[in-house]
Amino acid sequence: MKIIHNVIQMQAIADQLKKKSKTIGFVPTMGYLHNGHLSLIARSVKECDITVVSIYVNPLQFGPKEDFKKYPRDIKTDLKLCRQQNVDYVFIPKDEQIYPVGYMTEVRVKGITESLCGKSRPGHFSGVTTIVNKLFNIVKPGIAYFGQKDAQQSLVIKKMVKDLHMPLKIKVLPIIRELDGLAMSSRNAYLDAKYRRDAILLYLSLKKAKHLIAKKLRKTAKIISQMKRLLSQSEFATIDYIVIVDADSLNEVKQLKAKTKVLIALAVYIGKVRLIDNIIVKVD
Ligand code: PAF
């Protein structure tokens with residue numbers, strides 16, 4: 001496994017691999033790898049000739065009051081995990097090369113970035129699309145892998161790739177959960193024991209919604225109010241948003257219709273820790 005820090009060197013490696021007709025699978029990450037990341041890496045290793053993992057905590061996607069500085073980092077363990085997974089290259093770029101003095105460009109997807117997480121984290125998605133665009137130009141993947149946990153991020157990236165005619169495929173893989181259902185996330189490291197206990201309520205409320213839909217409840221406002229009631233069991237939970245939206249367009253759905261697919265997504269603070277989770281439900 002090779003560790004690359006330099007943008008030009010990574011691009012040269014990608015060019016060489018493409019000359020040899022190798023398919024490059026790419027897993028962009030901010031590090032502090034967990035089983036969710038590892039599932040993406042394993043799929044890339046299985047499907048592609050070469051797997052590149054990037055580790056870069058991208059300052060551009062954090063708001064001024066967010067957790068950029070304290071975002072968990074553990075490069076040594078990350079590298080060990082990548083080695084165990086047979087990753088070929090780990091790309092760990094330096095800030096000075098990604099955003100050098102005088103850097104001026106941003107890539108922004110409109111519309112679907114303005115609701116859900118985009119509403120409470122202004123600028124977040126243009127930070128994501130800018131870095132992902134840059135990483136695609138550096139790593140030149142044939143396939144890039146993302147997790148369904150960041151459902152809106154995955155849709156935004158797919159839209160960017162389509163709109164900008166980028167020559168790669170995006171694959172979105174299922175959420176990996178802890179045994180009790182909590183979606184795996186690097187930010188779970190912030191949860192102390194009492195918060196960790198209540199964090200399970202996000203998944204329980206999603207399961208509740210799925211159950212209500214199976215029982216033919218069709219008014220989304222009613223489903224959301226039951227989810228809120230369940231979350232109110234926690235003295236530490238503050239809801240940022242709960243939505244039931246069309247799974248492709250993210251447009252709000254008021255009344256569920258047969259044969260449609262909805263995304264039920266939520267962001268909830270448990271104490272000061274902001275967690276997100278979602279499920280996709282097919283309505284009968
Ligand atoms: O999902 C993440 O970890 C990040 O948003 C990504 C895609 C690596 C861009 O920084």
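Order of appearance sets the numbers: ligands from 1, and atoms from 1 within every ligand. Throughout, numbering of the chain's residues begins at 1 and tracks the sequence.
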Please tabulate protein-ligand N/O pairs under 3.5 Å for ligand 1, atom names and distances to 0.1 Å.
unit_1	atom_1	unit_2	atom_2	d
ligand 1	1 (O)	Gln153	NE2	2.9
ligand 1	5 (O)	Gln61	NE2	3.0
ligand 1	5 (O)	Gln153	OE1	2.8
ligand 1	10 (O)	Gln61	OE1	2.6

Does [X] come within less than 4.0 Å of [Y], counting only side-chain N to carboxylate O?
X	Y	value
Lys140	Asp15	yes
Arg274	Asp240	yes
Asp180	Arg196	yes

Original post:
Under 3.5 Å, is there a donor-acceptor pair between the Thr130 and Asn133 side chains?
Top reply: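 There is no such pair (donor and acceptor under 3.5 Å, judged by atom type) between the side chains of Thr130 and Asn133.
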Original post:
How about Lys228: does its NZ atom have over 12 heavy atoms from other parts shown lying under 6.0 Å from it?
Top reply: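 No.
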Subject >> Partners passing side-chain contact (heavy atoms from CB on, under 4.5 Å) against Arg187 (at least two apart in sequence or in another chain) >> reply: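 Expected list: Phe62, Asp67, Tyr71, Arg121, Ser185, Tyr190.
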